Amino acid sequence: MLDVFASATQGPLATPPVVRRTDYRPPAWLVPDIALDFDLDPATTRVAARLEVRRNGGHDAPLRLDGAGQTPLAVRVDGQAINDWRIEGEDLVVPLGGDAHVVETEVEIEPDRNTQLMGLYASGGNLCTQCEAEGFRRITFFPDRPDILSRYVVRLSADKSRFPVLLANGDPVASGDLPGGRHWAEWRDPFPKPSYLFALVAGDLAVNRGTFTTRSGREVQLGIWVRAADLPRTDHALHALKLSMAWDERVYGREYDLDVFNIVAVDDFNFGAMENKGLNIFNSRYILADPDTATDYDYDGIAAVVAHEYFHNWSGNRVTCRDWFQLSLKEGFTVYRDQGFSADQGSAAVKRIEDVRGLRAAQFPEDAGPLAHPVRPDEYLEISNFYTATIYNKGAELIRMMATILGPQAFRAATDLYFDRFDGTAATCEDFVLCMEEASGRDLSQFRRWYSQAGTPRIAASIEHQPGGGRATLRLGQHVPATPGQPEKQPMVIPLRLRLFGAETGRPLTDEQLVLLDQPAETIVFEAITERPVLSINRGFSAPVIVESDRSAADLAFLSAHDDDPFARYEAMQQLMLDTMVAGAIEGVADHRPVVSAVLNTLEDAELDYAFMAEVMLLPAESFVGDQLAVVDPEAVHRAREALRRAIGRGLLDSWRHLYDVLQQGPYAYTPEAKGKRRLRGVALGYIAAAGDPEAGALAFRQFEAADNMTDRQSAMTVLANGDFAEREAALDIFYNRYSDNGLVLDKWFQTQALSTRGDTAAVVETLAAHPDFTLANPNRARSLIGAFGANQRAFHAADGRGYRFLADQLIALDRLNPQTAAKLLPPLGRWRRFDEHRGTQMRAELERIVATPGLSKDLFEQASKSLEG
Ligand code: TRP
Ligand code: ZN
């Protein structure tokens with residue numbers, strides 16, 4: 001396998017080198033200052049770099065600069081052209097005699113031909129950069145590693161009419177005109193930063209400006225830069241930015257540090273957004289919103305990502321990562337911070353439910369499959385493959401657990417200590433944990449296993465009550481499953497919030513307590529328990545684990561109605577629904593009545609807010625039901641879930657109709673209450689359709705046509721797209737024609753069809769891949785069809801294997817343009833161990849076909865070859 005790859009791309013002797021965490025060595029040379037001069041042009045851009053380098057410690061190693069296949073046009077040392085430089089692999093090696101030198105290089109790069117979207121590239125006629133993780137080396141020769149911090153001075157020149165706006169990190173210094181219709185601008189960033197935070201933008205952009213006065217009284221100029229036509233869609237992002245700046249001051253004591261903060265939105269982007277110092281660059285889907293084109297979900301996503309990138313200014317930029325194995329140091333912590341921000345904007349309970357749902361949809365399967373890796377990995381071939389749900393979302397759960405164990409005051413003292421001690425440096429996950437220990441006096445030795453051991457721990461919980469005796473015994477056990485490269489595991493420290501409720505009275509029998517389970521098995525005894533106790537455990541999802549308990553359907557129904565922890569209520573209902581669907585998938589029939597009556601209880605609870613009700617009453621996704629089975633049977637899961645949906649719809653049809661009518665709204669407003677109503681009304685419409693109500697198609701179509709906002713329009717279209725309604729085609733056509741000039745909304749059109757639960761979806765997706773609006777060149781569009789399809793368990797796993805073939809074909813084609821995005825879309829194929837032999841064989845055959853493809857990137861090679869092994 002390795003040979004195929006190597007002979008195709010790197011010559012017969014080369015195999016992609018494994019990078020190991022334990023191989024870390026401090027840099028041989030430092031670069032305290034760098035000056036860059038860009039002569040910008042989409043076809044050929046000339047980059048001149050002036051590096052002030054300093055020998056780090058006593059050694060006689062030459063200066064080694066990372067590159068990406070460029071040939072230097074010139075190399076000068078201390079002003080003199082030299083010719084004893086050499087290229088080794090892709091590195092530029094420069095022998096240096098003294099301890100401090102000025103090294104200058106010049107290269108030419110071709111932004112127009114950059115389809116990988118790493119380094120300097122063109123998007124929508126503008127030029128922009130993406131350097132994390134290792135894109136800076138595609139721009140100029142440099143020691144492209146995060147522990148080299150430099151002060152940057154950047155001069156940009158470009159054609160003035162095509163690129164009237166010239167932006168870079170830091171503060172603007174000077175600008176002026178040049179002969180030949182060109183102009184220039186100079187930017188200076190006073191904060192030393194790693195190369196992955198470098199950014200520039202040149203383009204024809206309009207700006208939505210604002211200001212923010214920091215708590216020490218400095219006024220910061222804010223700007224959101226987009227193409228002129230998009231300007232009316234930028235207010236929400238600007239507002240979210242101001243809220244984020246105030247929140248970080250209030251909650252973490254962190255103030256912004258430059259005089260300007262700019263955000264630029266681009267359509268072609270490999271990720272959500274990038275936290276470049278003072279110049280964030282965003283995927284336009286996380287900036288642009290108005291009621292007609294963005295859903296409430298989109299609005300929430302924009303606020304969360306704006307906050308995330310802004311928060312990186314401290315957790316990531318002021319304190320950065322020593323090496324890429326420490327990625328979760330900035331990403332896990334920053335996700336934890338943005339989750340806290342979003343929780344404070346609306347309902348904390350709903351936010352927690354959404355975050356856990358996301359963790360279960362993306363991270364749990366990763367942790368259970370061939371690509372499982374620890375939050376602090378030990379090795380990689382391509383670092384881009386490690387921007388994963390484990391690093392980001394499980395990483396955030398680790399921070400949350402430490403905050404839970406420490407309590408809010410000690411946790412804040414610990415983050416203050418961390419920011420103060422490591423400001424201006426490149427730190428490690430260990431540094432962070434040491435601050436947690438030092439500020440709290442707690443020993444987190446065993447807790448550190450969360451950083452090194454992959455796999456989702458399983459907790460067994462059962463409770464026994466001596467009737468009459470008053471004593472209840474809770475038995476807890478933990479087991480961390482084997483993962484690739486880690487056959488044996490040590491017990492973790494698992495913080496479990498728990499409480500007991502009386503089955504008869506419904507009253508709490510104990511206070512909530514925090515149990516730190518740190519043994520393979522433990523017993524906890526409760527005295528004076530006067531009635532049969534019902535266990536509420538992992539309240540608030542205090543640990544990212546799977547709890548296996550023997551609670552009956554009646555107990556789960558009871559908790560879903562009586563638990564005082566909102567997450568635990570949601571969780572009890574989810575478990576009840578899951579148990580019901582698992583029974584249905586395995587046995588072909590299930591007793592739907594406990595779920596139906598629990599949903600009715602929720603519907604009738606006048607104290608619940610709309611958004612929370614909606615979350616509680618939604619069924620778990622088919623893929624999550626599949627995750628509960630020893631061998632996934634996608635069709636059986638689909639049937640079981642549809643049967644339960646129908647039962648809930650039919651059993652409570654009058655309630656759904658009533659709810660649908662009373663939630664009718666006046667003109668659109670973006671308030672928590674209005675959002676909750678839209679969400680719940682969408683759930684009601686879904687259940688009316690599930691009931692098989694003959695009016696459902698007309699009702700959905702009416703909502704689709706009358707909607708004054710995208711949330712209502714999309715929820716109606718989704719209902720229609722999932723069914724057999726006469727109105728289905730008309731709705732999809734109307735939607736397409738209405739939004740054919742808006743790429744972000746067209747993505748929804750592709751995505752809704754790719755996620756359809758209908759039986760013909762695999763065929764429809766193949767047709768859509770040939771649609772004139774489909775392109776692999778735009779990552780959002782590729783994800784909207786191919787990514788969504790991979791997440792559609794029923795369609796992707798169509799028994800004839802066409803889904804697997806389709807995905808492999810698309811990935812092989814995409815890999816030639818954009819390896820990073822191709823690699824991100826591969827994991828569904830790697831789950832072959834979870835399926836029957838017939839499907840598994842076909843999945844493996846497609847993985848083998850990918851690995852055998854000549855010229856494969858190391859990104860896709862790593863994901864596909866690990867998926868075959870694991
Ligand atoms: N640091 C970015 C974030 O999480 C992630 C990111 C943006 C990224 N663009 C990327 C990661 C390209 C890898 C490749 O905020
Ligand atoms: Zn991030």
Side-chain angles (χ1 to χ4, degrees), residues 68 114-121 123 128-139 144 146 169 193-199 201 241 244 248 263-287 301-321 324-342 358 362 375 377 380 382-396 399 779-780 782-783 818-825 857-860 862-863:
N114 182 349
T115 60
Q116 296 187 25
L117 315 182
M118 291 297 287
L120 178 67
Y121 66 94
S123 176
C128 66
T129 54
Q130 170 57 38
C131 292
E132 187 175 5
E134 296 180 337
F136 191 67
R137 64 188 63 183
R138 294 167 56 82
I139 296 175
D144 194 11
N169 310 95
K193 64 168 176 291
S195 51
Y196 81 86
L197 290 174
F198 167 79
V201 172
L241 175 58
S244 307
D248 213 15
I263 293 178
V264 179
V266 302
D267 289 338
D268 303 284
F269 200 75
N270 283 346
F271 234 75
M274 181 63 213
E275 69 265 25
N276 319 298
K277 182 81 187 188
L279 178 57
N280 287 187
I281 298 181
F282 271 61
N283 186 324
S284 55
R285 68 175 295 208
Y286 288 115
I287 292 294
I302 288 168
V305 177
V306 167
H308 179 98
E309 305 309 332
Y310 173 72
F311 295 159
H312 268 316
N313 191 56
W314 274 96
S315 48
N317 301 3
R318 290 287 290 254
V319 182
T320 193
C321 299
W324 292 119
F325 296 101
Q326 319 298 326
L327 181 58
S328 195
L329 175 70
K330 74 177 177 82
E331 294 305 345
F333 187 27
T334 303
V335 170
Y336 176 72
R337 278 150 54 68
D338 84 55
Q339 289 176 346
F341 167 80
S342 298
V375 168
Y380 59 76
E382 170 52 60
I383 183 56
S384 298
N385 285 334
F386 284 78
Y387 286 74
T388 60
T390 297
I391 303 294
Y392 277 69
N393 302 85
K394 187 175 182 178
I399 309 296
N780 286 356
R783 286 184 283 253
N818 187 331
Q820 225 177 70
T821 300
K824 273 258 139 57
L825 299 176
S857 70
K858 69 173 166 176
D859 308 59
L860 196 54
E862 178 173 37
Q863 300 289 81

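Values in this document were obtained by computation on a predicted structure and should not be read as measured data. Both ligands and their constituent atoms are indexed starting at 1 by order of listing.
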If the cut-off is 4.0 Å to any non-hydrogen atom of [X], which atoms of ligand 1 fall inside it?
X: K330; result: 1 (N)
X: H308; result: 3 (C), 4 (O), 15 (O)
X: Q820; result: 12 (C), 14 (C)
X: E309; result: 3 (C), 15 (O)
X: E275; result: 1 (N), 2 (C), 3 (C), 15 (O)

Option passing side-chain hydrogen bond (donor to acceptor under 3.5 Å, both in side chains) with Y196 (candidates T320, N276, D144):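 Testing Y196 for a side-chain hydrogen bond (donor to acceptor under 3.5 Å, both in side chains) against T320, N276, D144 leaves exactly one candidate, T320.
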Among N270, N114, D268, T115, the one residue meeting side-chain hydrogen bond (donor to acceptor under 3.5 Å, both in side chains) with N818: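 Checked N270, N114, D268, T115 against N818; only one passes side-chain hydrogen bond (donor to acceptor under 3.5 Å, both in side chains): N270.
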Note: R285-D267 ion pair, threshold 4.0 Å (strictly below):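 Result for this pair is no, no salt bridge flagged.
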Salt-bridge contact E331-K394 (side-chain N to carboxylate O under 4.0 Å):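 Not counted as a salt bridge, because no side-chain N and carboxylate O are separated by less than 4.0 Å.
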Ligand 1 contact on K824 by region, counting heavy-atom pairs under 4.0 Å: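 Neither; no heavy atom under 4.0 Å.
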Heavy-atom nearest neighbour in the protein, as seen from atom 10 (C) of ligand 1, with distance rounded to 0.1 Å: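 So the nearest neighbour among protein heavy atoms is Q130 NE2, 3.3 Å.
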Shortest protein contact, atom 4 (O) of ligand 1 (heavy atom only):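 It is Y392 OH, 2.5 Å.
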T388 side, atom OG1; L327 side, atom CG - distance, nearest 0.5 Å: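 Answer for the OG1-CG pair, T388 versus L327, is 8.0 Å.
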Aromatic ring pairing Y392/F271, orientation class (parallel under 30°, perpendicular over 60°, tilted between):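 Ring orientation of Y392 relative to F271: tilted.
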Whether A273 lies under 4.0 Å from ligand 1, heavy atom: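 Yes.
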E132-ligand 1 polar pair, N/O distance under 3.5 Å: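 Such a contact does occur with ligand 1.
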Residue selection (non-hydrogen contact nearest atom 11 (C) of ligand 1) among F311, Y387, F386: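 When every heavy atom of F311, Y387, F386 is considered, Y387 comes closest to atom 11 (C) of ligand 1.
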Geometric cation-pi criterion R337 and F333, 6.0 Å radius, 45° cone: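 Geometry flag: set, cation within 6.0 Å and 45°.
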For the student: nearest non-hydrogen atoms of G395 and V375, plus distance: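 That would be CA-CG1, 4.0 Å.
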Heteroatom of E331 nearest to the Zn ion (ligand 2) (N, O or S, atom name):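 In E331, the N, O or S atom with the shortest distance to the Zn ion (ligand 2) is OE1.
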